[in-house]
There are 4 protein chains.
Amino acid sequence: MVREKGWKGKESRKRLLEAAAEEFALRGFHETKISTIVKQAGLTQPSFYLYFASKEAIFDEIIHDFRSGLGELTASIRLEPGIEPEHLLQRLVQALEMVFSFLVRNPHMTRIGLFLAPQAEQIKEDLTSLLLENLRAEQEAGYFRADVEMATVAECLLGMIERLTVTHLLPGKQTPARLAKQLVDVLMYGMLPRESKAKE
Amino acid sequence: MVREKGWKGKESRKRLLEAAAEEFALRGFHETKISTIVKQAGLTQPSFYLYFASKEAIFDEIIHDFRSGLGELTASIRLEPGIEPEHLLQRLVQALEMVFSFLVRNPHMTRIGLFLAPQAEQIKEDLTSLLLENLRAEQEAGYFRADVEMATVAECLLGMIERLTVTHLLPGKQTPARLAKQLVDVLMYGMLPRESKAKE
Amino acid sequence: MVREKGWKGKESRKRLLEAAAEEFALRGFHETKISTIVKQAGLTQPSFYLYFASKEAIFDEIIHDFRSGLGELTASIRLEPGIEPEHLLQRLVQALEMVFSFLVRNPHMTRIGLFLAPQAEQIKEDLTSLLLENLRAEQEAGYFRADVEMATVAECLLGMIERLTVTHLLPGKQTPARLAKQLVDVLMYGMLPRESKAKE
Amino acid sequence: MVREKGWKGKESRKRLLEAAAEEFALRGFHETKISTIVKQAGLTQPSFYLYFASKEAIFDEIIHDFRSGLGELTASIRLEPGIEPEHLLQRLVQALEMVFSFLVRNPHMTRIGLFLAPQAEQIKEDLTSLLLENLRAEQEAGYFRADVEMATVAECLLGMIERLTVTHLLPGKQTPARLAKQLVDVLMYGMLPRESKAKE
DNA sequence: GATGAATGAGATTTCATTCAT
DNA sequence: TATGAATGAAATCTCATTCAT
């Protein structure tokens with residue numbers, strides 16, 4: 001088994017990142033001790049500093065990874081303009097499903113990026129902006145009601161995603177697909193029964 | 001100025017609680033130093049231990065206060081059965097407004113109880129259960145669509161409350177009343193324009 | 001019930017001394033907290049300093065009381081010269097019994113004076129000197145063997161008293177009278193059976 | 001100078017144990033500060049916690065070492081049955097001398113184990129039981145008088161050992177050999193002169 | 001004679017981080 | 001690439017003692 005030079009170091013680095021993500025996600029930044037991380041990675045404390053400048057540094061790197069992963073994802077799922085109305089819902093569901101899938105594939109990073117990072121609020125703001133942009137476009141295109149404040153809706157949507165992620169997705173109680181469908185259903189049609197809508 | 005016995009001590013205790021809540025909310029549990037709390041309360045470190053057994057103890061007391069405040073509130077706003085359909089939305093708005101009002105009146109405690117406490121998830125679960133109970137009752141009474149999974153909706157509702165609290169309510173960007181109205185509007189009627197609903 | 005002025009203060013002082021003696025005896029100097037003493041005496045911390053200058057002060061006073069009690073006792077039981085041989089043992093037993101009685105009457109002080117006080121060693125040295133003096137006199141008078149080093153015997157005697165006090169006297173397993181008799185018996189006649197002594 | 005791996009750490013640990021034993025013996029548990037121990041061992045405070053979990057832990061380890069040393073010793077000096085009477089005293093002296101030698105070789109540990117440890121009383125009880133067992137065997141074999149309560153004698157013997165250790169052995173005023181001989185002499189033959197015994 | 005409230009001083013312990021190898 | 005050993009800095013908490021009433 002031939003391995004290039006520097007292979008062992010990269011392995012160690014990766015093990016440290018994984019161990020750190022798990023610990024941070026489980027316990028939070030302060031509760032997580034370097035000594036625990038290195039133990040789980042099968043290394044010693046000084047080795048840690050071979051790869052990361054500080055505890056903050058590794059934490060930041062995890063957050064950075066989360067952000068760029070999320071960035072790539074969102075870049076890839078912009079709703080194209082001129083979608084046909086009958087496909088809109090389907091596209092929305094698809095997009096949401098991709099987001100949920102990404103989150104569930106990186107549960108530790110998700111917990112860190114969405115709830116533990118000092119930048120968590122910033123990250124969510126970025127997401128909200130993105131959602132808002134899309135929602136506004138659809139609204140202007142007449143797909144959505146014109147009489148709702150989209151800023152509020154965007155926040156609501158993120159809140160729903162966030163909450164469902166924590167309570168249903170990460171614990172494995174629901175699949176990304178089902179969650180996406182249900183979320184879109186509620187958000188699009190609302191809770192009132194059809195007749196009562198007809199009445200109005 | 002006549003003051004009853006024990007007055008000064010109670011004052012000090014209250015000042016400590018307030019200072020602590022502010023610091024915890026701002027910085028989190030670990031970043032908050034007892035030394036900062038007492039300084040802000042105009043006392044010295046040993047005095048802190050006159051009133052609280054430990055840093056954990058004061059943190060827990062704040063959380064407890066939040067929970068019981070919230071408990072009292074929710075107990076007082078149960079939807080009465082047999083409401084007339086045309087009043088339901090109005091009652092929902094009213095209930096939500098009371099919740100938002102409570103949260104905005106106790107911003108520090110809110111941040112602690114909803115996001116910083118180890119029990120935060122439990123607290124939210126309790127809230128969700130309560131919401132779920134109510135929602136199910138309305139659903140069975142025919143006020144809501146029968147084909148949505150209420151467990152999911154309850155989570156969504158909480159997620160919306162949570163998010164709007166952080167981004168609009170606590171920063172003072174929106175009043176409880178407006179938030180409640182918008183939230184109910186979106187949740188009840190959904191995002192689709194009226195015609196498109198009619199179409200279906 | 002008429003009580004002279006200052007009565008209440010003296011009562012408080014006594015209660016403090018008693019509580020302190022008990023705590024010191026039970027837990028040692030450092031483990032004993034002023035807060036515990038005053039609680040047991042039904043007072044508050046500042047009141048303590050009305051009667052004693054410091055924790056050391058009350059400790060010292062207890063030790064002082066023990067020493068003077070012991071001093072009075074020993075002064076009163078000096079063996080008179082010219083005792084008749086057949087009465088010697090009986091007098092020894094009597095003297096020892098008085099010592100044991102004193103100790104068992106003041107169990108807390110005894111524990112403090114003999115084991116906890118920094119001066120404990122000094123107190124015991126004083127006792128040893130006293131014993132030694134007496135023993136030497138008896139030895140010179142021919143009551144005791146001439147070929148034993150009395151300094152050693154004095155230490156042995158004190159060691160026996162000390163140990164029997166802790167293990168049998170204070171726990172109430174033996175009476176002063178019985179202990180005194182047994183101790184004298186062993187010390188005077190030794191352990192060997194009579195014949196074997198005769199043989200020599 | 002070739003030294004095996006882990007050598008330095010073991011050295012530090014030993015230095016800490018020695019420094020601690022000395023300080024504890026000299027000043028007692030509470031008066032002994034970790035800062036003093038580490039200073040004497042040429043280390044800093046955190047290093048202490050590299051080797052011992054707490055101040056209690058190092059204290060307990062010293063006590064443990066004392067107990068096991070003493071245990072090994074006592075296991076090795078049980079009097080064999082069927083000893084000839086004329087050799088008994090000699091064997092007793094020998095056994096005692098070994099005990100005294102052990103104690104004087106570990107003066108700090110001795111002070112801690114016999115006087116400072118919370119378990120000191122337990123340790124002495126164990127020793128007393130051992131003595132008692134031996135004494136009873138000899139008594140039943142007819143080597144000792146049948147009319148003395150051996151439980152009392154065992155306590156006396158331990159008291160003598162204890163006291164002589166503190167006053168003569170540890171300060172270096174007497175050798176183990178001489179102390180053992182004197183102690184056995186007094187304990188076996190008692191204080192009365194030979195004639196007076198004959199008289200009886 | 002007594003107390004509610006407060007504090008100065010200091011001890012143990014923790015943890016991220018570095019040195020020397 | 002890795003580690004055994006060590007440390008700087010700081011935080012929590014305790015307790016005897018005092019102030020003001």
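It should be emphasised that the depicted structure is a prediction, and the values quoted were computed from it without experimental measurement. All values below were derived from every heavy atom in this structure, side-chain atoms included, with hydrogens, water molecules and symmetry-related copies excluded. Order of the sequence lines fixes the chain letters, A, B, ..., with proteins taken first and strands second; residue numbering starts at 1 for each chain.
- The stretch residues 16-25 of chain A participates, sequence neighbours left out, in these side-chain hydrogen bond (donor to acceptor under 3.5 Å, both in side chains) pairs: A:Glu23-A:Arg27.
- Going from atom CG of D:Leu50 over to atom C1' of E:dC19 covers 14 Å, rounded to whole Å.
- The side chain of B:Tyr49 places an N or O atom within less than 4.0 Å of a non-bridging phosphate oxygen (OP1 or OP2) of F:dC13.
- With distances taken from any side-chain atom of D:Ser54 to the nucleotides F:dT3, F:dT12, E:dT13, the minimum falls on E:dT13.
- Formation of a donor-acceptor pair under 3.5 Å by the B:Lys55 side chain with backbone atoms of B:Phe52 is not found in this model.
- Closest to the side chain of C:Pro46, from the set F:dC19, E:dA16, E:dG8, is F:dC19.
- Note: B:Phe29 and B:Phe24 have parallel aromatic rings, judged against thresholds of 30 and 60 degrees for the angle between ring planes.
- Out of E:dT12, E:dA5, F:dT18, the shortest distance to the side chain of D:Ile34 is found at E:dT12.
- The distance between atom CD of D:Gln45 and atom C1' of F:dA9, rounded to the nearest whole Å, is 12 Å.
- The heavy-atom pair separating B:Gly28 from B:Leu116 by the smallest distance is CA-CD2, 3.9 Å.
- In this structure, the CD atom of D:Glu11 is 16 Å from the C1' atom of F:dA6, given to the nearest Å.
- C:Thr110 and C:Thr165 make their closest contact through CG2-CG2, 4.2 Å (heavy atoms, listed as atom of the first residue, atom of the second, distance).
- Put simply, C:Tyr51 has no side-chain N or O that comes within less than 4.0 Å of OP1 or OP2 on E:dG1.
- Between B:Lys55 and A:Leu43, the one whose closest nucleotide on DNA chain F sits nearer the 5' end is A:Leu43.
- Each of C:Phe48 and D:Gly42 was matched to the nucleotide of DNA chain F holding its nearest heavy atom; the match closer to the 5' end belongs to D:Gly42.
- Between D:Ser12 and F:dA6, a side-chain N or O to OP1/OP2 separation shorter than 4.0 Å is present.
- The two atoms that bring D:Ala19 and D:Gln40 nearest to each other are CB-CB, 3.9 Å, heavy atoms only.
- Nearest-nucleotide positions on DNA chain E for B:Lys8 and D:Glu56 put B:Lys8 closer to the 5' end.
- Nucleotide E:dT21 is matched to F:dA2 when pairs are restricted to Watson-Crick or G-U wobble geometry with both distances under 3.5 angstrom.
- OP1 or OP2 of F:dA16 has not a single side-chain nitrogen or oxygen of C:Ser35 nearer than 4.0 Å.
- If you take NZ of D:Lys39 and C1' of F:dT7, they are 15 Å apart, rounded to a whole angstrom.
- Protein atom CZ of D:Phe52 is 16 Å distant from nucleotide atom C1' of E:dT12, rounded to whole Å.
- Residue A:Thr36 is classed as having no contact, given no heavy-atom separation below 4.0 Å to the nucleic acid.
- The pairing partner recorded for E:dC15 is F:dG8, the criterion being a Watson-Crick or G-U wobble arrangement whose two distances lie under 3.5 angstrom.
- OP1 or OP2 of F:dC15 has at least one side-chain nitrogen or oxygen of C:Lys33 nearer than 4.0 Å.
- Inter-residue side-chain proximity for C:Val38 and C:Thr44 is flagged as unmet; no heavy-atom pair is nearer than 4.5 Å.
- Between C:Ser47 and E:dT3 there is a side-chain polar atom (N or O) within less than 4.0 angstrom of OP1 or OP2.
- Remark: side-chain polar atoms of B:Ser47 are not paired, donor with acceptor, to backbone N or O of B:Leu43 under 3.5 angstrom.
- Between the CD1 atom of C:Ile37 and the C1' atom of F:dC15 there is a distance of 12 Å, given to the nearest Å.
- For DNA chain E, none of the residues of residues 13-31 of chain C falls under the heavy-atom distance limit of 4.0 Å.
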